[in-house]
Visitor: 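Take a look at the following structure, please.
Below, chain A is the first sequence line, B the second, and so on; all start at residue 1.
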There are 2 protein chains.
Amino acid sequence: MTQGTQGKGATTSTLWDRTRQLAAQEILQTALRLFTQQGYDETTIAQIAREAGVSQRTLFRYFGTKEDLIGGSQERFVTLLTDTVRKQPVDVGAWEALRAAFKAALSLHASPEQALERFRLVHHTDSLRAAYLGKRVRCQEELLPLLEARLAPSGTDRRQVRAIVATAFACFDAATATWLEGNGQGDILDLYDQGLAAVRS
Amino acid sequence: MTQGTQGKGATTSTLWDRTRQLAAQEILQTALRLFTQQGYDETTIAQIAREAGVSQRTLFRYFGTKEDLIGGSQERFVTLLTDTVRKQPVDVGAWEALRAAFKAALSLHASPEQALERFRLVHHTDSLRAAYLGKRVRCQEELLPLLEARLAPSGTDRRQVRAIVATAFACFDAATATWLEGNGQGDILDLYDQGLAAVRS
DNA sequence: TGCCTGCATGGCAGAGACTGCCAAACCTCC
DNA sequence: GGAGGTTTGGCAGTCTCTGCCATGCAGGCA
């Protein structure tokens, strides 16, 4: 914000990008506020656009889909997940790498209260939950090759890696559901460990 | 159609039900044919209705959603799953019960070829896959109480059951994906066993 | 036979998400 | 200050899905 107007060649046209980003954030915040206030299905694109001060057409240029108005953060979620796995030392096993990724992803939320609110919204809205699950599956498939290399020496093949990744995510989902059921009591990662322990007993 | 006009009290109003069922099947077959021919997104409700010889309004009365035109069979899938688990002897563990349920569900498909085609359609269409996953989650939650009782004696609690059920479904999904990747080679249940073995090693 | 009730269907209008197209406004660079 | 590219808004249109009302068809009753 403060720079860029001066040393012109810094990163090319920053003021522009800044405005764009600001607008996107404004839209996102308006949408989330309305979603939590009156529910996802009860909030129309027209209303969000009106209250955010942009046209519907522009809103759809920023976020291609109504679901993306929540999924914006999910995009970061996926990126962080894959990045974290990629950054793990080579000798770290698949299970550990996945756990580290989940831990990193959970740290994205500003506060447990915000996480609880967001999770509740997604969990209780059919269309949102379906969209989330779809993205999750795509994320799993992105993770597949990264973890395949990590397990290759011990003779595990692709199909088994797929089962392992799917299981990790399943247990994470189960942990989230349990956490939600208890209104945010306890630690999600602890619940994840407990679930995985029950599975692998 | 041929009977029912006579012995009137057979099962009450069979002629109408028969007609209804026939119409539903006609619509379903038309839809599936068009979906596999030109893709799910490229097929409009208007086209299905036209080719099936009914109005759009009627079509939506039979199947509430476009996705239901595939999900009709999924409904049976869910019912069979829960029924099979319910029917398992009391001393059968959760893992075994779930495996039996998957086995039963797989037997619903008329042929491996048909299953392959159906799976491919769902797997490659984002909206369909999302809808499928949503139904799957709801199925998991229905199964939860049934399996909870089955594990109670060994001191397993609700949260762990949730992880176990989620894992079983995850491995089933992984098996399906692998099977699909191999163009239907091998047996899904075998793949499931292998995946679960890798997870629980 | 004529009327009346119950159900299934069809057609119509409309909401809501989403897209393509065109013109106006804008910033940036010269 | 003007040229050129980018962003925005508005409009019309598609597609799924819903509510409403009229029509048609079967059976029950006088």
Visitor: Can you tell me if A/Q21 has over 12 outside heavy atoms packed within less than 6.0 Å of its CD?
Guide: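 No, not enclosed.
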Visitor: Any chance you could list the contact pattern along nucleotides 14-21 of chain D? Use B for base contacts, S for sugar-phosphate-only contacts and - for none, protein heavy atoms under 4.0 Å, 5' to 3'.
Guide: -SSBBBB-
Visitor: Could you tell me which residues satisfy salt bridge (charged side-chain N to carboxylate O under 4.0 Å, His left out) with A/D41, sequence neighbours excluded, listed by chain and number?
Guide: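 A/D41 satisfies salt bridge (charged side-chain N to carboxylate O under 4.0 Å, His left out) with no other residue.
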Visitor: Calculate the interatomic distance between A/R50 atom CZ and D/dG10 atom P; express it in whole Å.
Guide: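 That distance rounds to 13 Å.
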Visitor: For DNA chain D, which residues in residues 126-134 of chain A have a heavy atom at a distance below 4.0 Å?
Guide: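 Of all residues in residues 126-134 of chain A, none places a heavy atom under 4.0 Å from DNA chain D.
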Visitor: Tell me every residue that passes ring pair (Phe, Tyr, Trp, His ring centres under 6.0 Å) with A/H109, counting only those two or more places apart in sequence or in another chain.
Guide: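 Only A/F119 meet the ring pair (Phe, Tyr, Trp, His ring centres under 6.0 Å) criterion with A/H109.
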Visitor: Which pairs with one or both residues in residues 175-201 of chain B pass side-chain hydrogen bond (donor to acceptor under 3.5 Å, both in side chains), sequence neighbours excluded?
Guide: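 Residue pairs with at least one partner in residues 175-201 of chain B: A/R158-B/E181, A/R159-B/Q194, A/R162-B/T178, A/R162-B/E181, B/R99-B/D193, B/R120-B/N183.
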Visitor: How close or far is atom C1' of C/dG10 from atom CG of B/L59, stated in whole angstroms?
Guide: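 From B/L59 CG to C/dG10 C1': 13 Å.
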Visitor: Please determine whether a side-chain nitrogen or oxygen atom of B/T58 lies at a distance below 4.0 Å from atom OP1 or OP2 of C/dT9.
Guide: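 It does not, given that no N or O in the side chain of B/T58 lies less than 4.0 Å from OP1 or OP2 of C/dT9.
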Visitor: A/R33: which residues meet the salt bridge (charged side-chain N to carboxylate O under 4.0 Å, His left out) condition with it, sequence neighbours left out?
Guide: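 Residues passing salt bridge (charged side-chain N to carboxylate O under 4.0 Å, His left out) with A/R33: A/E51.
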Visitor: Are A/Y62 and D/dT8 close enough that a side-chain N or O sits under 4.0 Å from OP1 or OP2?
Guide: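 Result: yes.
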Visitor: To the nearest angstrom, how far is A/L69 atom CG from C/dC18 atom C1'?
Guide: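 Spelled out: CG on A/L69 to C1' on C/dC18 is 13 Å.
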Visitor: Please collect all salt bridge (charged side-chain N to carboxylate O under 4.0 Å, His left out) contacts where either partner lies in residues 165-176 of chain B, sequence neighbours excluded, each pair once.
Guide: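 Matches after skipping sequence neighbours: B/R136-B/D173.
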Visitor: Take atom CZ of A/R20 and atom P of C/dA25, then tell me their distance rounded to the nearest Å.
Guide: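 Nearest whole value for this atom pair: 20 Å.
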Visitor: By salt bridge (charged side-chain N to carboxylate O under 4.0 Å, His left out), which residues pair with A/R50, not counting sequence neighbours?
Guide: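 Partners of A/R50 under the salt bridge (charged side-chain N to carboxylate O under 4.0 Å, His left out) test: none.
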Visitor: Using salt bridge (charged side-chain N to carboxylate O under 4.0 Å, His left out) as the criterion, list what pairs up with A/E117, not counting sequence neighbours.
Guide: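 Salt bridge (charged side-chain N to carboxylate O under 4.0 Å, His left out) check on A/E117 returns nothing, list empty.
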